[in-house]
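Just so it is clear, the structure is predicted and the values come from calculations on it, not from any experiment. Counting convention: from 1, in listed order, for ligands and their atoms alike.
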Amino acid sequence: MNILILGAGGREHALAWKLAQSPLLSQLYVAPGNAGTAAIAENIPIGVNDFSGIKEWVLSKDIQMVIVGPEDPLVNGVHDFFLQDEALCHIPVIGPQKSAAALEGSKEFAKEFMMRHHIPTAQYQSFTKETLEDGHRFLEEVEPPYVLKADGLAAGKGVVILKELGEAKRELTAMLQDAKFGAASDTVVIEEFLDGVELSVFVLTDGVHYKILPTAKDYKRIGEGDTGLNTGGMGAISPVPFADDVFMEKIEETIVKPTIDGLKKDKLPYKGFIFIGLIKVKGEPKVIEYNVRLGDPETEAVIPRIKNDLLEVFNAVATTHLDQVVLEMDKRTAVTVMAVSGGYPEAYEKGKEISGLDNITDSIVFHAGTTGEQGKILTNGGRVLAVTSFGSDFQSALEVSYKNIAKIDFEGITYRKDLGFDL
Ligand code: AMP
Ligand code: GLY
C-alpha cells in the first residue's frame with residue numbers, strides 16, 4: 001500500500017517510523033514532513049490544509065490511505081473533502097469527519113457532548129460578547145482559580161487559568177470583546193477548576209469498536225518542577241504509573257464507552273484516534289478535553305510500545321473490523337525527552353546545525369522541528385527532537401534518554417532534566 005501521512009512533527013515521524021516497519025507498505029509519503037521523515041519516507045512539499053494540492057499528490061502517487069496527524073485539517077474537514085470527491089471517496093482517511101472533529105474544534109461543543117452523555121467533567125458555562133456582563137457575574141459566584149477557555153482552536157494557548165477575580169474579569173473582556181484569540185474566543189467557556197494529576201488516554205475507533213492504547217503523561221511547562229510557560233510538550237512517559245487496572249476500568253466504563261456510544265447516538269462519524277485529556281480528582285477520572293488526534297510528544301512514547309503492524313490496525317479501522325484486532329503492548333516503559341530551541345516557547349531562532357545524531361545508541365530520535373540542507377540537519381522549530389528510550393521503569397528509561405540527549409548539540413539546546421519528578 002502507498003500511504004500518506006499529513007503533518008511535520010515528532011508525532012508524524014513516530015507514525016512514519018512505525019508504518020515503515022509494515023510488510024504491507026509499498027511507498028510512504030509525508031506532507032510536509034521534516035528531516036527525520038525524509039530519511040524513511042518521501043516528503044511532499046505541501047501544507048496540511050491545502051486540500052486540492054493533497055488531492056493532486058494522492059492521485060499522482062496512487063496513495064491508498066491518508067493518516068492525518070494534526071487537528072487543523074480534521075477540523076477543516078479533510079476527511080469530508082475526500083468523501084465528497086468522486087476520485088478520492090474510496091481512499092480511507094484515518095481521522096474523524098468535520099462534525100466529529102468539533103470535539104476539539106469547539107470547547108463548547110465538547111462540553112455539551114459530555115453533558116448529554118453524562119461523561120464526568122468540570123461544571124461550566126459559556127459566554128459571548130452579548131453576555132459578557134453575565135460572565136463577570138458568573139466569575140463573582142465561582143471559586144478561584146478561574147479557568148477560561150477560548151472555544152475554538154488557539155494553537156494550544158486558548159486556556160487561561162487565573163487566581164484573581166479582577167484578572168479573570170479583564171481576561172474575559174479581552175477574549176470576548178477584544179478578540180484576544182481572534183474568532184476562537186468569540187465564545188468563552190468558564191469552567192470549575194479541577195485539582196489533581198493529569199494523564200492522557202488514547203483510544204482508536206473505527207466508529208463502532210474501539211481499542212484503548214497505552215496511557216501517557218506529558219510535561220507541558222518549559223521549566224523544571226512544572227514551572228514557567230506552557231509548551232507543546234517537553235516530554236512524555238508511558239505507561240502512567242498511577243493508572244492501575246482499577247483506575248483504567250473506571251476510565252473505560254465512565255468515559256471511553258459513553259464517548260464511543262455518544263458518537264454513535266449523535267451520528268458523529270469517527271474513524272481515528274481520540275485523545276482524552278483526563279485529571280484524577282479524589283480517585284475519580286474527569287475529562288479536561290478531547291483532542292481528535294494523537295498527542296505530541298505522547299505519540300513518541302506510545303507508538304513504539306505497540307507491537308502490532310500499525311498498517312494492519314489502520315486497515316481494520318478503515319473497514320470497521322477493529323474488533324478483530326488484538327493489540328499487543330510492550331510491557332516496558334517508554335519515555336520521550338524533547339530537545340527544544342533556546343528561547344522556546346517564546347521567540348527562538350531557527351537554522352542551527354544539529355550534531356551528534358550519529359552517536360545515539362539504544363534510543364530512537366524522532367525529529368520534530370528539523371529540516372535538511374546540503375547534507376546538514378538544521379533546527380526548524382521550537383520543539384526540535386524527541387529522544388525516546390525503553391526501560392523496566394520510567395527512571396531507567398529516562399537514564400538512557402538523558403545519556404543520549406547529552407550527545408546531541410545545537411546552539412541553544414534546552415531540555416527538562418526532571419521528567420517524572422512528580423510520579
Ligand atoms: P487544554 O488546552 O484544554 O488541554 O488545557 C490546558 C491545560 O489547562 C490542561 O492540560 C490543564 O493542565 C489545564 N486545565 C484545563 N482545564 C482545567 C480545569 N477545569 N481545571 C484545572 N486545570 C485545567
Ligand atoms: N501533548 C499535548 C498535545 O498534543 O496536545
Can you tell if the side chain of Thr187 reaches within under 4.5 Å of the side chain of Phe109, non-hydrogen atoms only? no
If you measure only the distance, is there a donor-acceptor pair under 3.5 Å linking the side chains of His118 and Thr254? no
Under 4.0 Å, counting heavy atoms only: does Ile161 come that close to any atom of ligand 1? yes
Look at the side chain of Ser238 and the backbone N and O of Thr215, then say whether any donor-acceptor pair between them is shorter than 3.5 Å. yes
Donor-acceptor pair, side chain of Thr131 and main chain of Phe127, under 3.5 angstrom: no
Per atom 2 (C) of ligand 2, closest listed option by heavy atom (Thr299, Asp218, Asn230): Asp218
Ligand 1 to Lys149, heavy atom cutoff 4.0 Å, flagged ligand atoms 3 (O), 15 (C), 16 (N)
Please state which option from Leu294, Asp296, Asn291 has its nearest heavy atom closest to atom 4 (O) of ligand 2. Asp296
Below 4.0 angstrom from a heavy atom of Ile288, which ligand 1 atoms are there? Numbered from 1 as shown, please. 15 (C), 16 (N)
Cation-aromatic face contact Lys157/Phe181, 6.0 Å, 45 degrees: no
Applying a 4.0 Å heavy-atom criterion (strictly less than), which segment of Arg293 is in contact with ligand 2: side chain, backbone, both, or neither? side chain
Close-contact set for ligand 2 against Gly232 heavy atoms, below 4.0 Å: 1 (N), 2 (C)
Regarding Thr205 and Lys271, is there a side-chain donor-to-acceptor distance under 3.5 Å anywhere? no
Nearest non-hydrogen protein atom, atom 1 (P) of ligand 1: Glu289 OE1, 3.3 Å
Any nitrogen or oxygen of Glu298 lying under 3.5 Å from a nitrogen or oxygen in ligand 2? Just yes or no. yes
Can we call the ring centroids of Phe202 and Phe273 under 6.0 Å apart? no
Just to confirm, does any protein heavy atom lie below 4.0 Å from atom 9 (C) of ligand 1? yes
In terms of its nearest heavy atom to atom 11 (C) of ligand 1, the top option of Glu191, Glu104, Glu192, Glu198 is Glu198
Students should be able to answer this: which protein heavy-atom is nearest to atom 2 (O) of ligand 1, and at what distance? Val159 CG2, 3.3 Å
Verdict with reasoning, Arg332 to Asp393, per salt bridge (charged side-chain N to carboxylate O under 4.0 Å, His left out): CA-CA 7 Å; Arg332 292 175 298 168; Asp393 50 27; over 6 Å; no
Are any of the N or O atoms of Leu194 closer than 3.5 Å to those of ligand 1? yes
Salt-bridge criterion met for Lys107 and Glu191 (N-O under 4.0 Å): no
Could you list which atoms of ligand 2 come closer than 4.0 Å to a heavy atom of Gly295? 4 (O)
